[in-house]
Amino acid sequence: MKSRILTVLALMICLFPFVGKAQFVYEVESTPDSAKVYVNGVLRGTTPCKVKFEWAEAPDSGFVFRVKKENYGDQVFAVKEKPRVIKSFKKVTLTKVFPHFDLDPESPLIEFDKLLAEFPSGKEVGVVKRGGISKPLTWDGFSRLGSDPIDVKTYDVLGTSGFNTPMKESHQLFSNENHTKKVPRFLLGAKVTKLWIDMSQSTSYYSQEVLSDVKITLEWQVFDRSTNQVVLKGTSNGVEKKKYNASEDEGVLVDAYGDALYSFIAQGKLFELIKNAGTANVVAAEQGDSPTATATTIPTIKLQKFENSPEMVQYSTQSCVTISTDAGHGSGALISEDGYVLTAAHVVDGVNRLAVIFSNGVELEAKVVAIDNQYDIALLKTPGSKYKALPLGQGLTAGLGEEVITIGTPGDIELGQSISKGILSGKRKQDDIVYLQTDVAVSPGNSGGPLMNSKGQIIGVIQRKLLGQGIEGVGFALPIETALKRLNITVTPE
């Protein structure tokens with residue numbers, strides 16, 4: 001008995017130095033993982049990890065653990081007393097910190113284009129574990145991941161972060177009829193460069209659970225419609241780990257994509273791009289028919305004498321132009337030798353890029369001088385001089401049945417300066433605005449083009465056609481007198 005006691009005492013004496021300098025272990029896990037673990041300011045590992053320390057080396061305040069991950073809030077815990085066990089476990093859940101930027105409500109819109117993945121068919125992009133058996137998850141070919149869930153997630157993230165999007169703009173309960181519907185200036189797109197999906201399935205009597213761990217890397221591009229160039233590139237990573245029932249679609253990949261988008265936004269470069277882009281699109285003209293609108297004076301264009309109708313049309317074609325924008329195209333007509341062009345407001349309203357294409361193929365940038373959304377009329381200005389312009393028919397009485405023509409760009413830009421002939425078939429009043437009705441064939445691309453009489457004088461500006469079952473050949477133009485008044489244009493006498 002005495003010898004046994006002595007043996008125990010001897011063992012305790014031998015172990016005492018070890019216990020006094022015991023090396024303790026903290027196993028730290030985090031959701032999401034891959035977070036950095038700092039102990040008293042020194043990086044000790046990345047979750048999940050084991051952190052070893054000796055209590056004898058502890059400072060007076062003990063050991064302070066800080067778990068950090070980009071775009072997440074820090075989690076801090078302290079070990080202020082000597083642990084009672086050698087090994088301890090600590091699991092922390094990090095809270096996502098969503099970036100938010102204060103942008104001007106009138107800042108340019110940003111629109112989502114698409115998410116692409118171009119992995120070779122058969123490439124291993126993950127693993128599926130079921131019943132202790134692991135099988136590779138392979139890519140089955142090129143894919144455009146532009147589905148509704150991706151679209152919704154993109155606009156949700158952009159809107160939460162303070163950016164203006166078409167989705168955000170359409171959520172107004174009531175809107176002003178004259179409010180400019182801006183064409184989104186920037187397009188956002190991404191390509192998946194890395195993808196790994198770790199999926200574990202477990203089956204019980206009640207349900208089949210799936211634990212998915214997704215890691216994704218995206219290359220981002222931002223395209224500026226005003227310059228037709230990619231103006232920003234970047235890379236970001238996204239992660240998502242979620243447990244769900246196999247019968248439900250939890251969209252883990254979509255959430256990982258959203259996490260990557262938040263990370264891209266948090267870099268701040270997208271904010272700087274939008275902020276420095278200004279608060280207006282190309283169209284920043286004064287509204288017509290208002291005391292503050294600048295008056296425009298143009299000289300009278302002398303009426304030409306033509307031998308026949310084809311000669312008049314050939315001459316007029318040189319004065320009719322195609323209006324090209326990032327939202328599409330329309331038509332217009334030169335009304336002065338120094339480059340003033342009449343067109344419809346909806347052709348140029350809210351666009352980011354605006355150019356005028358002449359009959360000889362020359363393309364010049366243009367700016368909006370005045371615009372009236374209520375009457376759907378706009379005045380543009382192109383650089384240069386000595387243009388061939390059309391005379392204006394203000395003060396003329398256009399009679400029903402009178403022959404009229406329009407020259408414009410129906411359907412496709414390649415069809416510029418197409419000619420359509422008909423008659424003035426009526427005059428109609430709608431919302432206190434009197435329109436000229438014609439059976440001239442009018443297509444969407446004809447909007448803004450001139451309605452001319454047989455002498456080549458502009459008597460109206462084409463705006464729209466009537467659509468409906470059994471209705472064909474009914475178009476409308478704003479009378480030239482009304483257009484000039486609304487845009488505050490004065491024509492000097494000869």
Side-chain angles (χ1 to χ4, degrees), residues 30-35 47 68-75 93-103 109-119 125-126 137 139 143-171 184 186-199 210-223 232-245 248-274:
S30 68
T31 303
D33 58 17
S34 302
T47 60
K68 302 180 64 174
K69 185 175 178 66
E70 186 179 5
N71 303 324
Y72 288 82
D74 296 357
Q75 281 281 1
T93 299
L94 302 178
T95 303
K96 184 78 177 179
V97 177
F98 299 116
H100 183 83
F101 301 98
D102 292 324
L103 283 165
L109 302 182
I110 182 167
E111 182 178 33
F112 176 62
D113 184 32
K114 64 179 73 76
L115 173 66
L116 296 176
E118 300 177 308
F119 299 122
V125 293
L137 183 64
W139 189 254
S143 179
R144 168 178 171 165
L145 307 176
S147 59
D148 287 343
I150 293 289
D151 295 350
V152 171
K153 175 64 71 173
T154 302
Y155 288 122
D156 181 49
V157 172
L158 288 171
T160 301
S161 302
F163 293 90
N164 291 325
T165 69
M167 188 72 69
K168 187 175 181 180
E169 190 173 64
S170 67
H171 281 176
F186 297 100
L187 285 176
L188 174 69
K191 184 168 71 173
V192 183
T193 58
K194 292 181 182 179
L195 177 65
W196 187 260
I197 303 173
D198 194 329
M199 186 181 300
V210 178
L211 176 63
S212 288
D213 187 357
V214 177
K215 294 180 176 63
I216 192 171
T217 300
L218 299 177
E219 284 185 356
W220 300 93
Q221 290 192 5
V222 180
F223 181 83
L232 179 64
K233 294 182 179 181
T235 303
S236 67
N237 299 314
V239 297
E240 181 62 31
K241 191 173 185 178
K242 186 182 293 184
K243 182 181 289 186
Y244 55 94
N245 193 295
E248 302 172 353
D249 181 10
E250 285 297 310
V252 185
L253 178 60
V254 175
D255 289 339
Y257 162 81
D259 186 58
L261 178 53
Y262 273 120
S263 298
F264 174 63
I265 291 174
Q267 295 171 12
K269 294 180 181 179
L270 182 62
F271 166 70
E272 291 295 329
L273 173 67
I274 303 295

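For this chain, numbers begin at 1 and follow the sequence in order. Because only heavy atoms are used, hydrogens play no part in the values below, and waters and symmetry mates are left out as well, while side chains stay in.
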**OP:** Using the side chain to side chain contact (heavy atoms under 4.5 Å, CB included) rule, take L158 and F112 through it: C-alpha gap first, then chi angles, then the decisive distance, then the call.
**Re:** CA-CA 10 Å; L158 288 171; F112 176 62; 5.6 Å; no
**OP:** Kindly determine whether V210 and V252 satisfy side chain to side chain contact (heavy atoms under 4.5 Å, CB included), including the steps that lead there.
**Re:** CA-CA 11 Å; V210 178; V252 185; over 6 Å; no
Subject >> L253 vs L195, side chain to side chain contact (heavy atoms under 4.5 Å, CB included): CA-CA, chis, key distance, verdict >> reply: CA-CA 10 Å; L253 178 60; L195 177 65; 3.8 Å; yes
**OP:** Go through the steps for L211 and K241 under the test side chain to side chain contact (heavy atoms under 4.5 Å, CB included), then give the verdict.
**Re:** CA-CA 7 Å; L211 176 63; K241 191 173 185 178; 4.3 Å; yes
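Between L115 and L218 the shortest side-chain heavy-atom distance falls below 4.5 Å. Inter-residue side-chain proximity for E272 and L232 is flagged as unmet; no heavy-atom pair is nearer than 4.5 Å. Two residues are said to be in side-chain contact when any heavy atoms from C-beta on lie closer than 4.5 Å; E219 and F264 fail this criterion. Taking the side chain as every heavy atom from C-beta outward, W139 and V192 never approach each other to under 4.5 Å. Inter-residue side-chain proximity for I274 and F163 is flagged as met; some heavy-atom pair is nearer than 4.5 Å. Proximity of S212 to K242: side-chain heavy atoms (C-beta onward) are nowhere separated by under 4.5 Å. Counting heavy atoms from C-beta outward, Y72 and D259 have side chains that approach closer than 4.5 Å.
In this model, no donor atom of one side chain and acceptor atom of the other lie less than 3.5 Å apart for S263 and S236. At a cut-off of 3.5 Å, with distance as the only test, a side-chain donor of T217 or N237 sits close to an acceptor on the other residue.
Counted within 6.0 Å of NZ on K194, heavy atoms from surrounding residues, nucleotides or ligands total 12 or fewer; the atom is thus considered open.
Less than 6.0 angstrom separates the ring centroid of Y257 from the ring centroid of W220.
Minimum heavy-atom separation, L94 to A35: CD1-CB, 3.8 Å. Shortest non-hydrogen contact noted between Y155 and P166 is CE2-CD, 4.1 Å. Contact detail for V239 and P32: the closest heavy-atom pair is CG2-CB, 3.9 Å.
Put simply, CG on D113 and CD on Q221 are 10.0 Å apart, with the number rounded to the nearest 0.5 Å. To the nearest 0.5 Å, the span separating CD on E70 from CD on Q267 amounts to 7.0 Å. In this structure, OG1 in T193 is found 12.5 Å from CG in L116, a value given to the nearest 0.5 Å.
Residues passing the side chain to side chain donor-acceptor pair (under 3.5 Å) test with K69: none are found, sequence neighbours excluded. In this structure, the side-chain contact (heavy atoms from CB on, under 4.5 Å) partners of A256, at least two apart in sequence or on a different chain, are V214, I216, E240. L137 pairs by the side-chain contact (heavy atoms from CB on, under 4.5 Å) definition with V125, V128, I197, not counting sequence neighbours.
A distance-only check finds no donor-acceptor pair linking the side chain of T165 to the backbone of E111 [under 3.5 Å].
Shown are L270, L103, I265, D156; of these, the side chain to side chain contact (heavy atoms under 4.5 Å, CB included) with S161 is made only by I265.
Between D255 and K153, at least one side-chain nitrogen of the basic residue sits less than 4.0 Å from a carboxylate oxygen of the acidic one, meeting the salt-bridge criterion.
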